[in-house]
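Written below as structure tokens is the structure these notes are about.
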Amino acid sequence: MATHDNTTPAPRLGGHILVDQLSAHGVEHVFCVPGESYLAVLDGLHDADIQVTVCRQEGGATMMAEAHGKLTGRPGICMVTRGPGASNALAGIHIAHQDSTPLIVFVGQVDRGTRERDAFQEMDYKAVFGTQTKWAVEIDQVERIPELVSRAFHAATSGRPGPVVVALPEDMLTEYATVADAPRYETPDTAPSPAQLADLAQRLAQAKRPVAILGGARWSAQAVADFADFAQRHALPVAVEFRRQMLFPTTHPNFIGDVGLGGNPVLMTALREADLVLLVGGRLSEVASQGYTLLGIPAPAQQLVHVYPDSAELNRVYHASLAIQASPAAFAGALAPVQAAMAAGAAERLHTLRTSYLGWSDPDIVTHPGALQMGRIMRYLNDTLPEDAILTNGAGNYATWLHRFYAFRRYGTQLAPTSGSMGYGLPAAVGAKRLHPDKTVVCFAGDGCFMMHGQEFATAVQYQLPILVILVDNGMYGTIRMHQERHYPGRLSATTLHNPDFAAYARAFGGHGERVETTEQFIPAFERALASGKPAILHCLLDPEAITPTTTLTKIREQALAASGSR
Ligand SMILES: Cc1ncc(C[n+]2csc(CCOP(=O)(O)OP(=O)(O)O)c2C)c(N)n1
Ligand SMILES: [Mg+2]
């Protein structure tokens with residue numbers, strides 16, 4: 001093909017134009033499950049400077065890409081085939097939507113000339129993904145690939161970040177066109193005005209019981225450090241939303257805990273009794289708000305200063321006394337000059353809340369039935385994992401151990417779905433290790449959770465990603481069993497699991513696997529797993545009675561029976 005300069009680009013295949021846009025926007029990784037519907041794109045990837053991870057199921061692929069979005073702030077990229085592939089991908093798209101993670105999912109589509117006939121694997125993507133994405137689009141003209149892909153990057157990252165679905169009709173991808181690449185995307189940002197910062201300072205100065213809650217996306221390590229300085233100057237107690245522990249070091253003297261499931265009652269009382277809530281980046285959605293009970297709707301009793309990058313979220317649920325449209329990063333970066341007088345007793349109040357948090361999160365004080373003690377395991381991990389180790393999980397009661405007792409110390413160390421999506425931990429760990437081969441990546445999974453995307457252990461083996469899975473096996477869908485015992489005591493229904501030998505599973509895939517039945521076996525097994533240099537599963541047998549750090553299944557059932565008997 002003749003050489004062309006920038007002003008007269010050569011004709012390119014649609015699939016190649018698409019891949020060139022990814023390069024133009026700085027993409028380094030793509031996660032995919034191949035399909036005949038987008039062969040021209042796969043061909044473009046053949047010569048691109050992009051690492052491709054071929055996965056075993058589209059849900060896992062999308063979760064890996066979502067994990068990249070969470071860790072980098074740039075859109076994770078996933079490619080899947082038509083109807084069946086797109087259907088599987090929804091699992092990861094839903095997480096990106098709820099977690100406000102930038103993600104772009106490219107989906108194959110039938111030829112333009114066969115649409116609306118319910119052709120083979122045809123799907124109306126705008127209809128199917130319309131409510132779960134920030135934008136769903138089908139590229140009908142090959143010449144428009146640069147324009148629409150550029151918009152996809154901007155849509156995924158601006159305001160409240162989220163997922164975008166881009167459908168690619170097969171015959172469009174095989175056409176040639178002469179078009180220029182788009183310039184690299186730049187996400188617009190908004191910062192607080194001087195007047196808003198002055199207003200904030202005044203409210204802080206007048207507040208007697210202020211508290212900050214951090215959440216959401218568009219943070220950075222620098223933003224966390226900036227906010228920590230601000231909090232320290234004001235003796236401001238800082239909490240984080242459900243599964244957002246990495247937004248503030250748990251070891252910092254101003255950290256008072258997380259506002260999630262089964263939270264510290266002392267913290268919940270402090271939040272209810274606060275007279276000023278500074279909510280930065282978060283939405284105080286259902287779990288964090290304790291079922292929408294923490295703040296009044298629409299008008300909270302507390303003064304609410306809400307900092308959020310998207311105007312659509314401000315005043316949507318909670319009427320803010322002061323609404324600041326800014327990303328957490330821009331807001332935290334502007335806080336340096338803010339200095340308000342501290343309320344009398346601020347330091348003592350912080351000390352009380354901090355002391356309560358330290359007691360609440362101390363793994364040494366917990367014991368439960370069984371030979372394997374989760375508190376001891378958490379103590380070991382806190383003492384030995386490097387500060388920048390990345391911890392992942394899905395959903396299940398096993399995750400409580402991680403979120404209550406693990407000392408997250410740095411930004412970029414947590415991959416946990418606020419959507420409560422089971423199965424996320426393993427693909428997230430694979431995605432994280434692909435991005436940071438030098439970091440320790442530990443996945444927590446339940447026996448139920450792991451099997452949802454357990455096939456991606458093969459992806460870890462294929463790409464030689466020595467992640468470490470702590471698989472907590474209690475022989476049941478424990479969370480649901482817990483609720484069952486509370487509401488229908490003794491009436492087990494569809495919550496018991498008969499599990500495989502997960503250590504043998506790991507070995508069958510080419511990884512390292514060990515069975516761990518006692519606390520004493522855990523540490524040497526963990527060390528051997530790390531030393532193996534292979535993806536590893538520690539199959540940890542947890543007594544089913546150890547349903548939460550504070551109670552047992554039997555106690556829950558007895559309490560429920562006693563309550564129903566007294567009715
Ligand atoms: C994809 C998905 N399906 C179902 C649920 C409902 N659910 C929440 S927790 C849970 C049980 C989790 O079991 P397991 O991973 O074994 O953890 P455990 O609670 O036993 O510790 C289920 C079924 C969910 N959150 N996500
Ligand atoms: Mg379980």
Side-chain angles (χ1 to χ4, degrees), residues 57-63 66 87-99 132 242-243 260-262 285-287 366 368-370 372-375 377-378 391-406 415-429 443-457 469-488 492-502 505 515-517 537-554 556:
Q57 208 257 24
E58 291 83 357
T62 319
M63 290 175 199
E66 194 276 348
S87 305
N88 283 343
L90 183 57
I93 291 171
H94 176 67
I95 296 171
H97 175 63
Q98 293 236 309
D99 286 17
Q132 286 298 303
F242 180 54
R243 298 187 163 176
L261 295 171
S285 56
E286 184 169 0
V287 176
V366 197
H368 56 69
L372 183 81
Q373 290 293 319
M374 290 303 293
I377 291 176
M378 296 318 298
L391 282 292
T392 76
N393 64 274
N397 271 29
Y398 72 87
T400 310
W401 297 99
L402 177 61
H403 292 145
R404 179 162 161 187
F405 298 108
Y406 183 70
L415 292 169
T418 66
S419 59
S421 297
M422 285 173 72
Y424 177 77
L426 179 67
C443 163
F444 268 68
D447 46 335
C449 203
F450 179 83
M451 291 294 273
M452 291 240 170
H453 291 286
Q455 68 277 65
E456 300 304 345
F457 196 73
V469 181
I470 297 178
L471 198 159
V472 184
D473 178 358
N474 55 2
M476 60 182 172
Y477 286 125
T479 306
I480 311 306
R481 171 77 184 276
M482 174 181 76
H483 291 302
Q484 210 157 55
E485 296 288 6
R486 273 187 194 146
H487 298 284
Y488 305 94
L492 267 69
S493 180
T495 48
T496 302
L497 296 173
H498 181 77
N499 285 315
D501 175 346
F502 288 110
Y505 177 104
R515 185 179 174 89
V516 177
E517 295 184 11
I537 296 176
L538 294 186
H539 183 183
C540 302
L541 281 299
L542 181 67
D543 190 319
E545 277 294 321
I547 193 69
T548 77
T550 45
T551 191
T552 63
L553 266 187
T554 302
I556 292 176

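Both counts, for ligands and for their atoms, begin at 1 and track the order of listing.
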Query raised in the report: Hey, is ligand 1 close enough to S421 that some N/O pair sits below 3.5 Å?
Result: no
Requested in this report: For ligand 1, find out whether one of its N or O atoms is nearer than 3.5 Å to an N or O atom of Y398.
Outcome: yes
Among all protein non-hydrogen atoms, which one is nearest to [atom], and what is the separation to 0.1 Å?
| atom | result |
| --- | --- |
| atom 25 (N) of ligand 1 | G420 O, 2.8 Å |
| atom 16 (O) of ligand 1 | D447 OD1, 2.6 Å |
| atom 20 (O) of ligand 1 | G478 N, 2.7 Å |
| atom 8 (C) of ligand 1 | I480 CD1, 3.9 Å |
| atom 14 (P) of ligand 1 | G448 N, 3.6 Å |
| atom 15 (O) of ligand 1 | C449 N, 2.8 Å |

Strictly by modelled atom types, are [X] and [Y] linked by a side-chain donor-acceptor pair under 3.5 Å?
| X | Y | result |
| --- | --- | --- |
| T495 | Q484 | yes |
| H539 | D473 | yes |
| H403 | N393 | yes |
| S419 | S421 | yes |

Query - Residue selection (non-hydrogen contact nearest atom 10 (C) of ligand 1) among M452, M422, H453, M451 - result: M422
Report task. May I ask which of F450, Y477, Y424 has a heavy atom nearer to atom 11 (C) of ligand 1 than the others do? Result -> Y477
Main chain of [Y], side chain of [X]: is a donor-acceptor contact present, judged purely on distance under 3.5 Å?
| X | Y | answer |
| --- | --- | --- |
| E545 | T554 | yes |
| Y424 | G420 | no |
| Q373 | H368 | yes |
| D447 | G475 | yes |

Requested in this report: Classify the contact between N474 and ligand 1 as side chain, backbone, both or neither, using a heavy-atom distance cut-off of under 4.0 Å.
Outcome: side chain
**Report entry** ligand 1 contact on T479 by region, counting heavy-atom pairs under 4.0 Å
**Finding:** both
Requested in this report: For side chain to side chain contact (heavy atoms under 4.5 Å, CB included), just list the numbers for V287 and L261, CA-CA rounded to whole Å, side-chain angles, deciding distance to a tenth of an Å, and then say yes or no.
Outcome: CA-CA 6 Å; V287 176; L261 295 171; 3.7 Å; yes
Taking only heavy atoms of [X] into account, list the atoms of ligand 1 that are under 4.0 Å away from them.
| X | value |
| --- | --- |
| N397 | 18 (P), 19 (O), 21 (O) |
| G446 | 14 (P), 15 (O), 16 (O) |
| A395 | 12 (C), 15 (O) |

Query raised in the report: Is the Mg ion (ligand 2) less than 2.8 Å from an N/O/S atom of N474, whether that atom is in the backbone or a side chain?
Result: yes
Query - With the Mg ion (ligand 2) as the apex, the OD1/O angle for D447 and M476 - to 10° - result: 100°
Query - Stepwise side chain to side chain contact (heavy atoms under 4.5 Å, CB included) test for Y477 and M422 - result: CA-CA 11 Å; Y477 286 125; M422 285 173 72; 3.7 Å; yes
Query - Close aromatic pair by centroid cut-off 6.0 Å: Y505 and F450 - result: yes
